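Okay, so here's the structure we're looking at.
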There are 2 protein chains.
Amino acid sequence: MQTDPLSTAFSALADPTRRAMLARLSMGEATVNELAEPFAMTLPAVSKHLKVLERAGLVSRGRNAQFRPCRLEAGPLKDVAAWMEQYRRFWDDSFDRLDDYLKQIQHKERSDDA
Amino acid sequence: MQTDPLSTAFSALADPTRRAMLARLSMGEATVNELAEPFAMTLPAVSKHLKVLERAGLVSRGRNAQFRPCRLEAGPLKDVAAWMEQYRRFWDDSFDRLDDYLKQIQHKERSDDA
DNA sequence: TCTGTATTTTACCAATTAGCTAATTAACCT
DNA sequence: AGGTTAATTAGCTAATTGGTAAAATACAGA
């Protein structure tokens, strides 16, 4: 497997089960059993998916009695988004217009400061 | 492998070689040999990577004599970006402020219309 | 038609991944 | 201590991935 963080993140996201787990975690912490509940899959399989997400830094886990609550960590998502940004002009039709607009805003704010 | 387009796209992006190829293609069309040039890798290996990108819809290819020029197709990137968008609030500190700001703008424009 | 260039296909190998079941560890509660 | 629940580890199999070398295909030009 790749060792660079960006590849690890992309690879962790390349699975619908793992993306669904992240979606669940975006609504708050959850235990492994709670995360596993919607899936027709054994608990060890879920545990493995979690480890993939954890290794990618997308999930961290605490300790609460016999539970190991998982929570979303968005750092890697930020890196992915930053990578995506360089391609925005290829898919965002309004990018050029928005870009112009933001430049205008910045310009305006700068003259407001003065 | 997964069959859903989003997983296929993420999975195609989870390799530094393939991301480098996309970066090269973002500067314009290129042949397989041109794409292969920076890599310490045989041509068939590059060809396989290209097929992965093609299957993900990230690259399309034309035909020009014995050359098969590749070009970037950004559709799947748009889908990835759309998926990312639902997590933006977790990593973009300025998201809330920007969100408020955009709401203000919209409100202002609406009253301008009236 | 022959030759060289561009690219793909085939056959093969090693490493990884995703799933399972069974066994194990950890922590709680009587 | 004993029983229950939460979660992980171990060991297996099957499928996939990423690479190679060698052969095959497609085209251009002499």
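Naming: A, B, ... by sequence-line order, numbering from 1 per chain. This is a predicted model, so every value here is computed, not measured.
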* **Closest non-hydrogen atom pair, Phe39(B) against Ala20(B)** => CZ-CB, 3.6 Å
* Structure fact -> Between Val80(A) and Ala9(A) the two heavy atoms that sit nearest each other are CG2-CB, 4.1 Å
* Structure fact -> Per-nucleotide protein contact along nucleotides 23-30 of chain C, 5' to 3', at a 4.0 Å heavy-atom cut-off (B base, S sugar-phosphate only, - neither), is ---SSS--
* Once you round it to whole Å, what is the distance between P of dT16(D) and NZ of Lys51(B)? -> 15 Å
* Would you mind reporting whether Arg71(A) and Leu25(A) have side-chain heavy atoms less than 4.5 Å apart? => no
* Upstream residue (5' side of DNA chain C) when Ser47(B) and Ala45(A) are each assigned their closest nucleotide -> Ser47(B)
* Within this structure, what is the CG-to-P distance between Asp15(A) and dT17(C), rounded to whole angstrom? -> 12 Å
* Structure fact -> When rounded to whole Å, the CG to C1' distance for the pair Leu35(B) and dA6(C) reads 13 Å
* For the pair made of CZ in Phe39(A) and P in dC20(C), what is the distance, rounded to whole Å? -> 12 Å
* Quick one: Glu37(A) CD to dA6(D) C1', roughly how many Å, whole number? -> 15 Å
* Write down the distance between CD (Glu54(A)) and P (dT8(D)), rounded to a whole number of angstrom. => 8 Å
* Does the side chain of Tyr87(A) reach to within under 4.5 Å of the side chain of Leu72(B), using non-hydrogen atoms? -> yes
* To do: Describe the nucleic acid contact of Lys48(A) in one word from base, sugar-phosphate, nothing, applying a heavy-atom distance below 4.0 Å.
  => base
* Asked: Which heavy atom of Ser60(A) sits nearest a heavy atom of Glu73(A), and at what distance?
  -> OG-OE2, 2.7 Å
* At under 4.0 Å, does any side-chain N or O of His49(B) touch on OP1 or OP2 of dT17(D)? -> no
* Sidechain-backbone polar pair: Arg19(B) side chain, Leu13(B) backbone, donor-acceptor under 3.5 Å -> yes
* Once you round it to whole Å, what is the distance between P of dA10(D) and CG of Leu43(A)? -> 17 Å
* Asked: Looking at DNA chain C, which of residues 20-33 of chain B put a heavy atom within less than 4.0 Å of it?
  -> Thr31(B), Val32(B), Asn33(B)
* When you check the phosphate oxygens OP1 and OP2 of dG19(D), does a side-chain N or O of Thr42(B) lie under 4.0 Å from one of them? -> no
* Under 3.5 Å, is there a donor-acceptor pair between the side chain of Glu34(A) and the main chain of Thr31(A)? -> yes
* To do: Round to the nearest Å and state the distance from Arg61(A) atom CZ to dA6(D) atom P.
  => 15 Å
* Of all heavy-atom pairs between Arg89(B) and Ser26(A), which one has the smallest distance, and what is that distance? -> NH2-O, 3.6 Å
* Asked: Which atoms form the tightest heavy-atom contact between Trp83(A) and Leu22(B), and what is the distance?
  -> CH2-CD1, 4.2 Å
